[in-house]
**Student:** 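One structure is given below, represented as structure tokens, and several questions about it will come after.
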Amino acid sequence: QVLLVESGGGLVQAGGSLRVSCAASGRAIGDYAMGWFRQAPGKEREFVAAISRGGARTDYLDSVKDRSIISRDNAKNTVYLQMNSLSPEDTAVYYCAAVLSNTDSLYRVRNHYDYWGRGTQVTVSS
């Protein structure tokens with residue numbers, strides 16, 4: 001069992017930056033591919049970014065890829081998502097997810113993930 005707890009959300013002005021974190025416990029996340037998703041009110045939960053278990057490969061939603069960085073520190077059992085140049089369209093609850101992986105695969109599909117955190121709210125004001 002992997003427990004994921006997100007933190008770092010909050011209120012930020014448009015154009016600002018924010019880093020959300022995902023702390024894992026229960027298992028070492030070095031064997032897990034990790035992902036970030038977000039869900040805005042009235043919308044489906046969507047993929048934002050993914051990172052392979054070793055951190056060598058990353059993947060991003062097109063609308064965030066030029067202004068976001070997903071990273072991980074397996075020694076700290078933590079995954080991060082740095083987002084810059086935020087806009088009100090980035091307002092959502094951000095969720096961290098984990099899936100056991102024995103390769104350097106990346107996962108965009110929500111149903112591939114086995115474990116989810118409860119999310120952290122990011123609100124961008126205009």
Side-chain angles (χ1 to χ4, degrees):
Q1 188 78 6
V2 178
L3 178 64
L4 303 173
V5 179
E6 301 92 339
S7 63
L11 176 64
V12 62
Q13 288 189 332
S17 298
L18 202 64
R19 187 178 79 162
V20 290
S21 301
C22 171
S25 61
R27 296 279 180 89
I29 62 168
D31 291 333
Y32 291 80
M34 304 294 294
W36 283 97
F37 290 73
R38 67 185 180 186
Q39 188 166 17
K43 294 188 176 181
E44 292 287 320
R45 190 172 300 189
E46 68 173 350
F47 166 80
V48 177
I51 189 166
S52 59
R53 64 176 192 168
R57 300 180 67 212
T58 57
D59 186 22
Y60 297 92
L61 178 69
D62 282 348
S63 62
V64 309
K65 67 179 179 180
D66 293 330
R67 55 189 179 90
S68 301
I69 299 174
I70 185 172
S71 61
R72 64 191 297 159
D73 185 338
N74 287 346
K76 295 183 178 179
N77 242 24
T78 302
V79 178
Y80 307 95
L81 179 66
Q82 173 75 39
M83 298 188 70
N84 305 314
S85 302
L86 287 162
S87 72
E89 288 69 35
D90 295 313
T91 295
V93 177
Y94 283 71
Y95 297 91
C96 175
V99 56
L100 188 65
S101 176
N102 59 6
T103 67
D104 267 350
S105 297
L106 297 164
Y107 300 89
R108 282 186 163 228
V109 177
R110 191 172 64 190
N111 290 347
H112 284 159
Y113 288 87
D114 300 314
Y115 303 100
W116 291 85
R118 293 191 174 187
T120 185
Q121 176 71 48
V122 173
T123 303
V124 184
S125 64
S126 58

**Student:** Please table the atom pairs, donor to acceptor, closer than 3.5 Å between any side-chain atom in residues 119-126 and protein atoms at least two apart or in another chain.
**Tutor:**
residue, atom, partner, partner atom, Å
Thr120, OG1, Gly9, N, 3.1
Gln121, NE2, Ala92, O, 3.4
Gln121, NE2, Thr123, OG1, 3.3

**Student:** Show, in sequence, the C-alpha distance, side-chain angles and deciding distance for Ser101 and Tyr107, and conclude whether the side chain to side chain contact (heavy atoms under 4.5 Å, CB included) test is met.
**Tutor:** CA-CA 10 Å; Ser101 176; Tyr107 300 89; 3.5 Å; yes

**Student:** CG/Leu18 to CG/Asn84 distance, rounded to the nearest 0.5 angstrom?
**Tutor:** 9.5 Å

**Student:** Considering non-hydrogen atoms only, spot the tightest contact between Met34 and Cys96 and give its length.
**Tutor:** CE-SG, 3.7 Å

**Student:** Rounded to the nearest 0.5 Å, how far does CG of Leu4 lie from OH of Tyr113?
**Tutor:**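 The distance works out to 11.0 Å.
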
**Student:** Which residue, Leu106, Ile70, Val48, forms the side chain to side chain contact (heavy atoms under 4.5 Å, CB included) with Tyr60?
**Tutor:** Ile70

**Student:** Check residues 21-31 and write down every donor-acceptor pair under 3.5 Å in which the side-chain atom is one partner and the other belongs to a residue at least two apart or another chain.
**Tutor:**
none

**Student:** Between OG of Ser105 and CZ of Arg53, what distance do you get to the nearest 0.5 Å?
**Tutor:**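 With rounding to 0.5 Å, OG (Ser105) is 9.0 Å from CZ (Arg53).
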
**Student:** Is it true that, when you exclude Ile69 itself, more than 12 heavy atoms of the residues, nucleotides or ligands shown sit nearer than 6.0 Å to its CD1?
**Tutor:** no

**Student:** Rounded to the nearest 0.5 Å, what separates atom CG in Leu100 from atom OH in Tyr115?
**Tutor:**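 Going from CG on Leu100 over to OH on Tyr115, the span is 7.5 Å.
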
**Student:** Start with the C-alpha distance between Trp116 and Arg45, add both sets of side-chain angles, then the distance that settles side chain to side chain contact (heavy atoms under 4.5 Å, CB included), and finish with yes or no.
**Tutor:** CA-CA 12 Å; Trp116 291 85; Arg45 190 172 300 189; 3.4 Å; yes

**Student:** Could you measure the distance from the CZ atom of Phe37 to the CG atom of Leu61? Nearest 0.5 Å is fine.
**Tutor:** 10.5 Å

**Student:** When you look at Arg67 and Leu86, which way does the side chain to side chain contact (heavy atoms under 4.5 Å, CB included) test go after all the steps?
**Tutor:** CA-CA 8 Å; Arg67 55 189 179 90; Leu86 287 162; 4.2 Å; yes

**Student:** I'd like to check Glu6 versus Tyr94 (side-chain heavy atoms, cut-off strictly below 4.5 Å). Are they in contact?
**Tutor:**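 No, side chains not in contact.
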
**Student:** Look at Glu46 together with Arg38 and state whether they make a salt bridge at an N to O cut-off of under 4.0 Å.
**Tutor:** yes

**Student:** Does NZ or CZ of Arg19 lie under 6.0 Å from the centre of the six-membered ring of Tyr80, at an angle within 45° of the ring axis?
**Tutor:**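 Yes.
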
**Student:** Start with the C-alpha gap between Val64 and Met83, add the side-chain angles, then the distance that decides, and say whether side chain to side chain contact (heavy atoms under 4.5 Å, CB included) holds.
**Tutor:** CA-CA 8 Å; Val64 309; Met83 298 188 70; 4.1 Å; yes

